[in-house]
Protein chains: 2
Amino acid sequence: MVSSPSDARRQEIIQAVWVLIAGGGIERVTFRRVADQAGVSVGRVQHHFGTRDALVLAACETMIDLAHDRYQDLPEAPEERLRHILLHAIPDSDRARFGASVWHAYLSKSAADEEIAGLLAEAKRGTEEEIARLLEDAGGRGDKLLADGSLRAARTLLAIADGLTVRVLIGDLSGAEARGLLLAELRRVRGSTDQGNSP
Amino acid sequence: MVSSPSDARRQEIIQAVWVLIAGGGIERVTFRRVADQAGVSVGRVQHHFGTRDALVLAACETMIDLAHDRYQDLPEAPEERLRHILLHAIPDSDRARFGASVWHAYLSKSAADEEIAGLLAEAKRGTEEEIARLLEDAGGRGDKLLADGSLRAARTLLAIADGLTVRVLIGDLSGAEARGLLLAELRRVRGSTDQGNSP
DNA sequence: ACCCTAGCAATACGTTCGTATCGAATCGAT
DNA sequence: ATCGATTCGATACGAACGTATTGCTAGGGT
C-alpha cells in the first residue's frame with residue numbers, strides 16, 4: 001500500500017496538492033507552490049512526478065483510493081455503510097468540505113480530460129453498485145428492492161446526494177438541510193410501496 | 001438589453017471565453033487566448049474587461065442571464081416549462097454538453113470564489129423556487145403538492161437533475177438514461193399512480 | 001574498493017502570463 | 001470646427017510558469 005519511504009514522500013506531496021486545489025482549484029497547482037506547501041524542494045516534486053499533469057493525475061488517483069480505503073475500514077453493518085456512503089460527500093465539517101471541493105475540481109477538469117473522467121466514472125459506478133448491494137442487504141423491505149429496482153433506487157439516491165452536495169458547496173443549503181432531505185429520501189425509497197416496476 | 005455596439009463586442013468576447021472554458025476549464029482563459037478565439041486584439045479584451053478576473057466573472061453573469069432569458073422565451077405551458085427547466089442541464093446534444101461543462105467549471109471555481117458562489121447560489125435557488133411554482137401550477141394531483149411539499153419535491157427533483165448531470169458529464173451515463181430516470185422521478189413525484197413504464 | 005542507481009537540490013532556459021502604457025483613430029456634443 | 005471621451009492596437013515589462021540539466025550524496029550489489 002503506502003509503506004516504502006518513497007511512497008511516504010509522494011503522499012506528503014499529494015496532500016499539498018489537495019490543499020492547493022481545495023483552496024483555489026487545479027490552476028493553483030504548480031511545482032513551486034506544491035513544493036512550498038509541502039515544505040520540500042521543487043526538485044523533489046519533479047523527481048517523483050515528472051510533469052505537472054502526472055502530479056495532478058496521481059493526486060486524483062490517490063484521492064479515489066483513499067476514499068475507497070476509508071470505506072473499507074467501516075464496520076460491516078450495511079445500515080451504517082449505507083448512511084456513510086451517501087452522506088460522506090455532503091460537507092458539514094471542514095474536512096468534508098475539503099473533500100468535496102477537491103472532488104468537484106477534478107469533476108470540472110474531467111470535462112476536458114478523458115483520463116480523469118474515466119477515473120471518476122469508475123468510482124461513481126462502483127459507488128452506485130455498492131449502494132444497490134447495501135439496499136438489498138439492509139433492505140427494510142426484503143420484498144421491495146430486487147435486482148432491477150435496487151439499482152434504480154441506488155442511482156436516484158446517489159444523484160440526490162450529488163445534487164445536494166452541489167447546493168451545499170455553493171452555500172445556499174446547509175449541510176444539515178441536505179442531510180435531512182437525503183435521509184428522508186432514503187427512508188422513502190426503502191419503505192414506500194410504489195416503485196412497482198416488475199410485472 | 002444587449003444592443004449597444006459596445007455590448008455586442010463584449011458579447012463576442014464572452015462567447016470566446018465560454019468556448020475556452022468548455023474546452024479546457026477556466027485555467028485556459030487568458031487574455032491572449034480569448035483574443036485569439038474571438039478574432040480580436042488583446043487590447044480590445046483588456047479595454048472592455050480590465051482584468052482577467054473581471055472577464056471570468058462577467059462571463060459567468062452573462063451565462064446565468066442567458067439561461068434565464070432562454071427560459072423566459074419558452075411557451076407558458078407549465079408542463080413544458082417544467083420539463084425544460086429540469087432537463088436542459090442534462091447533456092444529450094453537443095450544445096447542452098457545452099453548457100454543462102461551463103457551468104461545472106464555474107461550480108468548481110465557486111469553492112474558492114465567494115462572488116461566483118453567490119451568483120450560482122442565487123441562480124439555483126431561483127430555479128428551485130420556479131420548479132416548486134410549476135409543480136403547483138401544473139399539479140397532476142392538486143391535493144398532493146401543497147406549499148411545503150412542493151418546495152421539498154422541487155429540491156429533490158433539482159438535486160436528481162444535478163446529480164445525473166454529473167454522471168453524464170463524466171461519461172458513465174448516457175443523456176438518454178439520465179433523462180429517462182429523471183422523467184420517471186418527475187412522474188412519481190407528481191402523482192405516483194400513472195408510472196406506466198412496465199412493458 | 002568499485003560502481004551504479006535512486007533521490008534529491010539548485011539552477012538555468014525559453015515561454016507565457018497579467019497588466020501598464022502609449023498613441024492613434026473615431027465619435028458625439030458643442 | 002473643435003475637443004474631450006471612448007475604443008481600441010501595439011508593445012513592453014517583470015513575474016511566474018514547466019521542464020531540462022547538472023551535480024552531489026548515500027546506499028547496495030559485486
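In what follows, chains carry the letters A, B, and so on, assigned in the order in which the sequence lines appear, proteins first and then strands, with residues in each chain numbered from 1.
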Counting the atoms with a prime plus P, OP1 and OP2 as sugar-phosphate, which does [X] contact under 4.0 Å by heavy atoms, base, sugar-phosphate, or nothing?
X	value
A:Val45	nothing
A:Arg10	nothing
B:Val34	nothing

If the cut-off is 4.0 Å, is [X] near the phosphate of [N], judged by side-chain N/O to OP1 or OP2?
X	N	result
A:Arg44	C:dA10	no
A:His47	C:dC8	no
B:Thr51	C:dG18	no

*Check every atom of C:dC8, C:dG18, D:dT19 against the side chain of A:Arg9 and return the nucleotide holding the closest atom.*
C:dC8
*Looking at C:dG7, D:dT19, C:dT19, which one has an atom nearest to any side-chain atom of B:Arg52?*
C:dT19
Ionic contact status for [Y] with [X], cut-off 4.0 Å:
X	Y	value
A:Glu12	A:Arg9	no
A:Glu136	A:Arg133	no
B:Arg155	A:Glu185	no

Quickly work out the [X] [atom1] to [N] [atom2] distance and round it to whole Å.
X	N	atom1	atom2	answer
B:Phe31	D:dA15	CZ	P	19 Å
A:Leu57	D:dG18	CG	C1'	17 Å
A:Phe49	D:dT19	CZ	C1'	16 Å

Enumerate donor-acceptor pairs with a distance under 3.5 Å from any side-chain N or O in residues 94-105 of chain B to protein atoms, sequence neighbours excluded.
from	atom 1	to	atom 2	distance (Å)
B:Arg97	NH2	B:Leu169	O	2.9
B:Ser101	OG	B:Arg97	O	3.0
B:His104	ND1	B:Ala100	O	3.3

*asked:* Enumerate the side chain to side chain donor-acceptor pair (under 3.5 Å) contacts for residues 162-179 of chain A, please, sequence neighbours excluded, ordered by first and then second residue.
replied: A:Asp92-A:Arg179, A:Lys124-A:Asp162, A:Arg167-A:Asp172, A:Arg167-B:Glu128, A:Ser174-A:Glu177
_With nearest nucleotide decided by heavy atoms, which residue, A:His48 or A:Arg32, maps closer to the 5′ end of DNA chain C?_
A:His48
*asked:* Please report the interatomic distance CD1(B:Ile131) to CG(B:Leu158), rounded to the nearest 0.5 Å.
replied: 4.5 Å
*Write out all pairs satisfying ring-ring contact (aromatic ring centres under 6.0 Å, His included) with one or both partners inside residues 31-84 of chain A, taking only residues at least two apart or from two chains.*
A:His84-A:His88
*Kindly say whether A:Leu107 contributes a backbone atom to a donor-acceptor pair with the side chain of A:Ser110 at under 3.5 angstrom?*
yes
*asked:* Counting only heavy atoms and a strict 4.0 angstrom limit, can you tell me which residues of residues 12-28 of chain A come near DNA chain C?
replied: none
*Sequence neighbours left out, what pairs pass salt bridge (charged side-chain N to carboxylate O under 4.0 Å, His left out) with at least one residue falling in residues 16-44 of chain B?*
A:Arg52-B:Glu27, A:Lys109-B:Glu27
*Would you mind building the protein contact string for nucleotides 21-26 of chain C? One character per nucleotide, 5' to 3', B for base within reach (heavy atoms under 4.0 Å), S for sugar-phosphate only, - for untouched.*
B-----
